[in-house]
Asker: 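Sharing a structure with you now.
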2 protein chains.
Amino acid sequence: MSRSNPRVLSTLERAGGFASAQEIYALMQRDGQQIGLTTVYRSLQSLLNDKIVDVLRREDGEAIYRLCGESHHHHLVCKSCGKTVEIEGGAIEKWAKNIASENGFRDVGHTAELFGTCSNC
Amino acid sequence: MSRSNPRVLSTLERAGGFASAQEIYALMQRDGQQIGLTTVYRSLQSLLNDKIVDVLRREDGEAIYRLCGESHHHHLVCKSCGKTVEIEGGAIEKWAKNIASENGFRDVGHTAELFGTCSNC
DNA sequence: GCACATATGAAAACGGTTGTCATTTTCACT
DNA sequence: AGTGAAAATGACAACCGTTTTCATATGTGC
């Protein structure tokens, strides 16, 4: 089992705590850090195992990783300009937990993303 | 521009209104309906255009299509056996609407999916 | 029947992700 | 320092879902 390469984590931080594997790889290349794409994927996998990062999916299916540990939050994204607002999801957390226990599920995670049109568009 | 093949839609209905392109294709094959994978994808694309179906992503990135139009609902999916429970999302709808108006967004849609481990797994 | 548009599906291309494997690095122990 | 085992690395190929291409089939209106 491989350990996470610390430079991957620090690049993810630098990216605003929200990026895909390919983006992290590109960022590191641009900075002149030499690393293989494979290692980026492996590091993210390992960070995921250790629950240092979360994964979710963009609309096109690409996996994006974000730091977790800080308060869990969701996003409100504008469909036309891409503007993104971070949302506190306290209500959702409770809802998820309730639904899960009602149905006998354990270890429940959730995704909740909102998208619409912002005031400027 | 291609039209949707009606057998694709009826297979999606038969699958419980919730399936991936590959699953629909497999289902049809098993039933002896001859169809190409390409046509399944194209039909789903067209159903999507016409807003007959919704698309969202499984955890592994595979796109799953569901009938929409019936009451909007969410899903609680077991990570290990795939068991799926349909969830009424009244609370979420309100939450989404509030958040949206607080931030000046219009035409807001949302995805919210829960996944965990069911009682049998 | 004939032209013209549309529908179809096999095969190839594509893009993100994962697996393979030979090489390099790390490190505990002499 | 020297050595050897274990872990990490990265080029490359395999994989898988999806999209594109293209040649063929099936209409549809004249």
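Order of the sequence lines sets the chain letters (A, B, ...), proteins ahead of strands, with each chain counted from 1.
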Asker: Taking atom P of D/dG27 as reference, at what distance in whole Å does atom CG of B/N5 sit?
Answerer: 12 Å
Asker: In this structure, how many angstroms lie between the C1' atom of C/dA12 and the CG atom of B/L37, rounded?
Answerer: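 Value for this atom pair: 14 Å.
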Asker: Do B/L56 and A/L56 land in one hydrophobic cluster if side-chain heavy atoms of ILVMFWY residues count as linked below 4.5 Å?
Answerer: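 Hydrophobic grouping puts B/L56 apart from A/L56.
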Asker: Would you confirm whether A/R106, through its side chain, and B/G116, through its main-chain N or O, come within 3.5 Å as a donor-acceptor pair?
Answerer: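 No.
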Asker: Near DNA chain D, which residues from residues 56-65 of chain A have a heavy atom under 4.0 Å away?
Answerer: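 The stretch gives none, as no residue of it lies under 4.0 Å from the strand.
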Asker: OP1 or OP2 of D/dT18 sitting under 4.0 Å from any side-chain N/O of B/Y41?
Answerer: yes
Asker: To the nearest 10°, give me the bend of the helix from C/dG1-D/dC30 to C/dT30-D/dA1, comparing the axes of its five terminal pairs at either end.
Answerer: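 Computed angle between terminal axes is 10°.
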Asker: Membership question, hydrophobic clusters at under 4.5 Å side-chain separation (ILVMFWY): are B/L67 and B/V85 in the same one?
Answerer: no
Asker: Please report, rounded to the nearest Å, how far the P atom of C/dG9 is from the CZ atom of B/R3.
Answerer: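 One finds 17 Å between P of C/dG9 and CZ of B/R3, rounded.
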Asker: Grab the CG-C1' distance between A/L44 and C/dG16 for me, whole Å please.
Answerer: 13 Å
Asker: Taking side-chain hydrogen bond (donor to acceptor under 3.5 Å, both in side chains) as the test, write out the residues that go with A/E62, two or more places apart.
Answerer: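 If we apply the side-chain hydrogen bond (donor to acceptor under 3.5 Å, both in side chains) test to A/E62, skipping adjacent residues, the hits are A/S20.
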Asker: Residues in ring-ring contact (aromatic ring centres under 6.0 Å, His included) with A/F18, at least two apart?
Answerer: A/H75
Asker: Given 3.5 Å as the limit, does a donor-acceptor pair link the side chain of B/S43 with the main chain of B/N5, or not?
Answerer: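 Here the side-chain-to-backbone pair exists.
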Asker: Nearest whole angstrom, please: distance from the P of D/dG10 to the CD1 of A/I35.
Answerer: 6 Å
Asker: Considering all heavy atoms of both residues, which atom of A/N103 and which atom of A/I99 are nearest to each other, and what is their separation?
Answerer: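 In this case the closest contact between A/N103 and A/I99 is ND2-O, 2.8 Å.
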Asker: Grab the two heavy atoms, one from B/A21 and one from B/Y41, that are nearest each other, plus how far apart they are.
Answerer: CB-CE2, 3.5 Å
Asker: Under a 4.0 Å heavy-atom cut-off, which of residues 19-30 of chain A touch DNA chain D?
Answerer: none
Asker: Does the pair A/R66/A/E86 count as a salt bridge with the N-to-O cut at 4.0 Å?
Answerer: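 Salt bridge flag = no for A/E86 with A/R66.
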Asker: Just how far, in rounded Å, is C1' of C/dT8 from CD of B/Q33?
Answerer: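 To the nearest whole Å, that distance equals 15 Å.
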Asker: How long is the straight-line distance from CG of A/L47 back to CG of A/D54, given to the nearest 0.5 Å?
Answerer: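 Spacing of CG (A/D54) from CG (A/L47) equals 11.5 Å.
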Asker: Generate the contact string for nucleotides 21-26 of chain D. Rules: B means base contact, S means sugar-phosphate contact only, - means no protein heavy atom under 4.0 Å.
Answerer: ------
